[in-house]
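Down below is the structure, laid out as structure tokens.
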Amino acid sequence: MLKEYRTIQEVTGPLMLVKNVSGVAYDELGEVELPSGDRRRCKVLEVNGNDVLVQLFESSAGINLADSKVRFLGHGIELGVSMDMLGRVFDGMGRPKDGGPDILPDERRNINGTPMNPASRNYPDEFIQTGISTIDGLNTLVRGQKLPIFSGSGLPHAQLAAQIARQAKVLNADAKFAVVFAAIGITFEEADFFISDFKRTGAIDRTVLFINLANDPAIERISTPRMALTAAEYLAFEKDMHVLVIMTDITNYAEALREVSAARKEVPGRRGYPGYLYTDLATMYERAGRNLMSEGSITMIPILSMPEDDKTHPIPDLTGYITEGQIILSRELYRKNVLPPVDVLPSLSRLKDKGIGAGKTREDHSGTMNQLFAAYARGKEAKELMTILGEAALSDTDKLYAKFSEEFERRYVSQGYDENRSIEETLNLGWELLSILPKSELKRIKPELIEKYLPENGQ
């Protein structure tokens with residue numbers, strides 16, 4: 001029998017102080033029962049001797065200090081997990097949101113998980129095909145990697161996230177693949193877009209969706225990504241599935257963290273975010289990876305919108321330290337109607353060299369990737385020179401590079417949200433574009449690969 005307390009001292013916004021409490025732990029779940037019989041859930045934020053500070057998940061309106069009761073449940077927030085989660089939509093607290101029945105769980109897991117032992121981590125080295133040329137060809141995603149997408153407000157990161165969720169697969173055909181999608185602090189329209197897009201394309205069958213709306217409580221927003229990771233850990237390390245976790249938008253998560261921190265009157269760090277933002281993000285991101293004890297893996301794509309397109313803002317800055325690279329979306333390309341507007345040059349996948357090459361993608365992948373990067377960078381320089389000095393100031397070779405840069409954006413980067421390119425199609429398209437340049441300029445590719453793959457019209 002759970003002990004009940006009628007010792008609520010004060011309620012300030014979402015926070016409530018309960019006195020003379022014993023045997024309660026940090027992060028423990030509680031229930032507040034109102035005189036009307038209505039129940040509201042809360043979570044322990046702080047324990048100070050016999051006093052406990054809790055945060056309510058719902059509104060504090062109507063709580064009568066004298067007549068309301070609090071009981072603590074003896075465990076943290078838990079998620080019931082089973083294979084029945086696939087194809088279902090849940091809210092940010094793991095309750096079904098699609099009108100279907102509750103899940104009959106195989107087990108209940110604390111959503112904070114347990115850190116993976118560094119000694120049991122396996123090195124990421126298997127290619128994941130997203131069907132998007134700018135990622136597969138130039139900033140390759142590797143199984144077990146954490147590769148964030150840095151976007152800006154108003155840029156189409158939602159469409160890109162849906163495209164990756166729909167198209168991503170491990171090339172090994174018999175591998176069981178699942179997507180866990182966490183939408184954090186999004187609008188009704190965005191939620192409807194994700195759900196209807198996944199249902200329209202059939203991607204819902206291999207997807208678990210957790211959707212937290214902008215009008216849901218901040219404390220629920222903090223739980224949503226951890227719910228998703230708990231589901232992913234079960235599918236990956238219990239059921240040996242390759243799981244891709246997509247989380248959008250991490251900025252909304254960090255804002256909720258700042259809101260809770262301010263309510264607790266904690267000393268703020270950079271831009272008002274709590275000083276433990278780095279640690280908090282790391283406890284989420286580091287749950288991705290491969291484990292020597294299991295065939296399964298968790299690959300993570302966190303998506304965040306950079307306030308004012310500022311890469312030095314604390315959220316993208318700290319995310320960049322913890323993860324293995326970043327894909328950056330460009331407002332300039334978006335204005336040119338290049339979709340998805342991936343800015344290739346500042347984007348980076350630190351593990352790309354580990355997942356490409358003969359036996360994984362193709363023998364020419366590394367050379368063509370380096371050559372495309374170099375040619376695009378030089379082509380952009382040539383176009384800038386052309387703007388300042390006029391076309392007459394360019395050499396014939398510079399004009400070819402400028403042409404290459406335009407064709408590269410038009411054909412390679414801009415592929416829309418419905419085209420799913422295989423890695424062979426991406427590599428062949430790269431060769432087609434490189435054939436614009438004289439063969440003598442292809443200095444980053446081995447001569448035997450040029451002979452084998454360069455199209456006949458190559459100069």
Side-chain angles (χ1 to χ4, degrees), residues 124-143 145 147-150 159-161 163-164 166-172 244 299 301 324-330 333 338-380 401 403-437 441-446 449-450 452-455 458:
D125 66 354
E126 285 178 70
F127 171 70
I128 287 184
Q129 181 175 292
T130 64
I132 299 162
S133 290
T134 44
I135 298 177
D136 293 350
L138 302 173
N139 296 290
T140 313
L141 179 64
V142 179
R143 188 161 76 86
Q145 184 178 5
L147 185 63
I149 293 174
F150 291 0
Q159 288 90 327
L160 183 60
Q163 184 178 14
I164 294 171
R166 203 168 57 233
Q167 295 179 176
K169 64 176 182 177
V170 178
L171 283 188
N172 180 1
L244 176 64
T299 307
I301 299 183
E324 293 109 16
Q326 69 276 332
I327 304 289
I328 296 179
L329 300 191
S330 155
L333 290 176
V338 172
L339 301 174
V342 175
D343 198 351
V344 168
L345 296 178
S347 296
L348 166 71
S349 168
R350 292 192 182 98
L351 298 179
K352 63 188 174 194
D353 296 335
K354 307 294 181 289
I356 63 175
K360 293 176 181 175
T361 51
R362 210 167 73 181
E363 57 182 337
D364 58 319
H365 193 155
S366 179
T368 53
M369 175 176 70
N370 295 337
Q371 191 67 62
L372 286 167
F373 267 122
Y376 182 47
R378 179 148 172 210
K380 286 190 82 169
Y401 273 110
K403 182 187 174 190
F404 170 87
S405 147
E406 283 175 9
E407 288 294 302
F408 180 79
E409 284 178 8
R410 187 177 68 82
R411 295 177 57 197
Y412 195 96
V413 182
S414 187
Q415 67 176 81
Y417 298 112
D418 294 313
E419 187 177 349
N420 185 356
R421 292 179 184 162
S422 70
I423 185 61
E424 283 78 17
E425 288 171 331
T426 290
L427 291 171
N428 292 341
L429 178 56
W431 279 107
E432 269 180 55
L433 292 166
L434 289 173
S435 70
I436 293 170
L437 302 171
E441 291 292 314
L442 307 182
K443 300 182 177 100
R444 287 174 166 77
I445 310 176
K446 292 177 179 172
L449 295 178
I450 295 175
K452 184 172 178 182
Y453 291 106
L454 189 69

From CD1 (I423) to CG (N428), nearest 0.5 Å: 9.5 Å
Not counting sequence neighbours, which residues clear side chain to side chain contact (heavy atoms under 4.5 Å, CB included) with N420? List them please. Q167
Any donor-acceptor pair under 3.5 Å linking the side chain of Q145 with the backbone of E324? yes
Worked check of side chain to side chain contact (heavy atoms under 4.5 Å, CB included) between H365 and L427: CA-CA 7 Å; H365 193 155; L427 291 171; 3.9 Å; yes
For the pair Q415 (side chain) and L339 (backbone), establish whether a donor and an acceptor sit closer than 3.5 Å, ignoring hydrogens and angles. no
Sub-3.5 Å donor-acceptor pair from the side chain of S405 to the main-chain atoms of Y401, do we have one? no
Are L449 and E363 side-chain neighbours, meaning at least one heavy-atom pair lies under 4.5 Å? yes
Nearest-0.5 Å distance that lies between atom OG1 in T130 and atom CZ in R166: 11.5 Å
Of all residues at least two apart in sequence or in a different chain, which pass the ring pair (Phe, Tyr, Trp, His ring centres under 6.0 Å) check with Y412? F408
Verify, without hydrogens or angle tests, whether K169 (side chain) and G131 (backbone) share a donor-acceptor contact under 3.5 angstrom. no
Kindly indicate, with the supporting measurements, whether the criterion side chain to side chain donor-acceptor pair (under 3.5 Å) is fulfilled by Y376 and Q371. CA-CA 8 Å; Y376 182 47; Q371 191 67 62; over 6 Å; no
For the pair E407 and R410, find out whether any cationic side-chain nitrogen is under 4.0 Å from an anionic carboxylate oxygen. yes
Count the heavy atoms of every other residue, nucleotide or ligand shown that sit under 6.0 Å from NZ of K403, and state whether that count exceeds 12. no
Using the salt bridge (charged side-chain N to carboxylate O under 4.0 Å, His left out) criterion, which residues pair with D364? Sequence neighbours excluded. R362
E126/R143 salt bridge by N-O under 4.0 Å criterion: yes
Any chance you could lay out the side chain to side chain contact (heavy atoms under 4.5 Å, CB included) test for I164 and L244, step after step, and finish with the verdict? CA-CA 9 Å; I164 294 171; L244 176 64; 3.8 Å; yes
dist D343:CG -> F150:CZ (nearest 0.5 Å) comes out at 13.0 Å
If you define the side chain from C-beta out and look only at heavy atoms, does anything of V142 sit under 4.5 Å from T299? no
Measure from the side-chain N and O atoms of S349 to the backbone N and O of G325, and report whether any donor-acceptor pair falls under 3.5 Å. no
Do S422 and Q129 pass the side chain to side chain donor-acceptor pair (under 3.5 Å) test, and can you show the C-alpha distance, the side-chain angles, and the key distance before you say yes or no? CA-CA 7 Å; S422 70; Q129 181 175 292; 5.4 Å; no
I need the L141 CG to D136 CG distance, nearest 0.5 Å. 8.0 Å
Is N139 reaching over with its side chain to a backbone N or O of I135, donor-acceptor style, under 3.5 angstrom? no
Between the CZ atom in R421 and the OG1 atom in T426, the distance rounded to the nearest 0.5 Å is 6.0 Å
